[in-house]
Amino acid sequence: MVSLHFKHILLKLGLDKERIEILEMKGGIVEDEFEGLRYLRFKDSAKGLRRGTVVFNESDIILGFPHIKRVVHLRNGVKRIFKSKPFYVEEKVDGYNVRVAKVGEKILALTRGGFVCPFTTERIGDFINEQFFKDHPNLILCGEMAGPESPYLVEGPPYVEEDIQFFLFDIQEKRTGRSIPVEERIKLAEEYGIQSVEIFGLYSYEKIDELYELIERLSKEGREGVVMKSPDMKKIVKYVTPYANVNDIKIGSRIFFDLPHGYFMQRIKRLAFYIAEKRIRREDFDEYAKALGKALLQPFVESIWDVAAGEMIAEIFTVRVKKIETAYKMVSHFERMGLNIHIDDIEELGNGYWKITFKRVYDDATKEIRELWNGHAF
Ligand code: ATP
């Protein structure tokens, strides 16, 4: 049940009573709590309040992070979207999205879905200068948490060798969700020493060859891609490298039955467009064909063998926390997200951190593989 306090705020935001009731009934808005702080989380979007919006009180309203459209034909996409106007090209860092804001006296990190993440909230002080929020309490830092020790992803970008880091890519206003212009963001990041995603500079359609070269380089370096943004942040599109498309398939195929078919189809489509746009032929084409086939098949076949040998399909995650309690809070957080994750190991690192190993078990994938292996007919 959503309390009257929040219903009152929603009415003030322009949602009518009936809409609020329907949202509540369908589970589109859910009341949650983090360390005694109550908040309302939007699982669906409603009247300008994007999915993932979090309402703490009348002024601390943090809109959901907007969807970024994707181009699959780089040249034509850039031409269609930016015409001949300049745009910034930034790295698309492969991690998980967080929105960081100060609410009362606490600095909180929110996930894309609108949960307060206990792990990121505990660690965020390691990456963000608190002074920023003292000077700008109305701003939200949006960024990617990325690295090999992430609670949500099995891999990170190649240049984060251990632990996890924060990379800023957007600064938004509370309540309106309006992004500040790129140059202002760069200035604030420098002023407060907040690490930003790499900004490759201003490009335009005329410099498409340089952009192609950048994509080739990022792909070779095992990086995910780019996000292109008009300086005023009004137009934003993303483009991913062929490396990332193949690598995502490789990571996904181990848990083939747990992912929607679209996960694979979308990435095959993007790779096909890349190959077509770049007119890749002969040996180079064969190389992609082999890489794609292997990415799709090898981890899948290996997971079948694992299940045939009596194992469960599982993924292991390691994170560093300051308090063991945070690890237990993460377990309840995962449970609320509907995931089956438990703590596998706890190790004291001696530098004020604990290393926690989580195991995520994929029950459905394991069951399906086991039945098929045992000869069940469907
Ligand atoms: P979407 O709703 O945008 O389709 P998605 O969950 O499918 O989101 P992606 O396709 O990975 O996500 O791309 C968008 C995400 O990329 C953003 O939500 C953000 O977390 C991440 N990201 C990484 N680097 C950047 C960057 N430089 N600018 C904007 N977003 C970035």
Side-chain angles (χ1 to χ4, degrees), residues 42-45 50-53 62-72 77 81 87-100 109-115 117 120 127 140-147 150-160 164-172 177 179-186 189 194-203 211 214-215 218 221-245 247-249 251-252 259-260 262-267 269-271 273 337:
F42 278 67
K43 286 172 82 179
D44 299 333
S45 58
R50 308 185 280 246
R51 201 184 77 80
T53 292
I62 296 157
L63 290 204
F65 190 80
H67 164 67
I68 298 176
K69 285 193 178 148
R70 181 190 306 276
V71 292
V72 294
I81 286 140
F87 55 89
Y88 277 98
V89 178
E90 303 176 350
E91 175 167 7
K92 182 176 192 301
V93 175
D94 187 13
Y96 63 93
N97 181 297
V98 286
R99 285 163 288 152
V100 186
L110 309 176
T111 66
R112 192 87 195 272
F115 288 97
C117 172
T120 321
F127 313 108
I140 304 158
L141 297 173
C142 308
E144 201 79 349
M145 290 290 290
S150 150
Y152 302 110
L153 296 161
V154 282
E155 258 183 39
Y159 45 84
V160 184
I164 196 154
Q165 289 175 23
F166 175 86
F167 298 90
L168 181 78
F169 55 66
D170 200 347
I171 299 182
Q172 298 182 356
S179 294
I180 67 167
V182 177
E183 280 116 26
E184 268 179 51
R185 186 219 316 156
I186 296 174
I194 302 166
Q195 176 165 254
S196 160
V197 293
E198 187 171 345
I199 299 175
F200 300 112
L202 270 175
Y203 286 64
L211 192 52
L214 176 66
I215 298 296
L218 295 180
E221 291 173 0
R223 294 159 81 175
E224 198 192 10
V226 294
V227 183
M228 296 167 275
K229 303 175 176 179
S230 60
D232 62 3
M233 293 289 282
K234 296 261 173 352
K235 289 178 178 177
I236 307 181
V237 281
K238 62 195 174 196
Y239 182 82
V240 297
T241 60
Y243 165 84
N245 288 323
N247 197 50
D248 280 0
I249 290 173
I251 294 170
L259 289 170
Y263 175 93
F264 298 98
M265 301 304 276
Q266 291 298 334
R267 286 162 177 86
K269 173 189 81 184
R270 292 173 207 158
L271 186 66
F273 269 90
M337 287 167 74

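Ligands are counted one by one from 1 in listed order, and the atoms in each one are counted from 1 as well. All residue numbers in this chain count up from 1 along the given sequence.
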Subject >> Closest approach of Arg99 to Ile140 (non-hydrogen atoms, all atoms of both residues) >> reply: CB-CG2, 3.9 Å
Subject >> Residues in contact with ligand 1, criterion: heavy atom under 4.0 Å >> reply: Phe65, His67, Ile68, Arg70, Glu90, Glu91, Lys92, Val93, Asn97, Arg112, Glu144, Phe169, Val197, Val227, Lys229, Lys238
Original post:
With no hydrogens and no angle check, is any side-chain donor or acceptor of Gln195 less than 3.5 Å from a backbone partner on Phe166?
Top reply: yes
Original post:
Between the side chains of Tyr159 and Glu91, does any donor sit under 3.5 Å from an acceptor?
Top reply: yes
**OP:** Would you please name every residue forming a side-chain contact (heavy atoms from CB on, under 4.5 Å) with Pro231, sequence neighbours left out?
**Re:** Tyr88, Glu183, Leu202
Original post:
Side chains of Tyr96 and Thr120: donor-acceptor distance under 3.5 Å anywhere?
Top reply: yes
Original post:
Can you check whether Arg185 reaches Lys229 side chain to side chain, under 4.5 Å on heavy atoms?
Top reply: yes
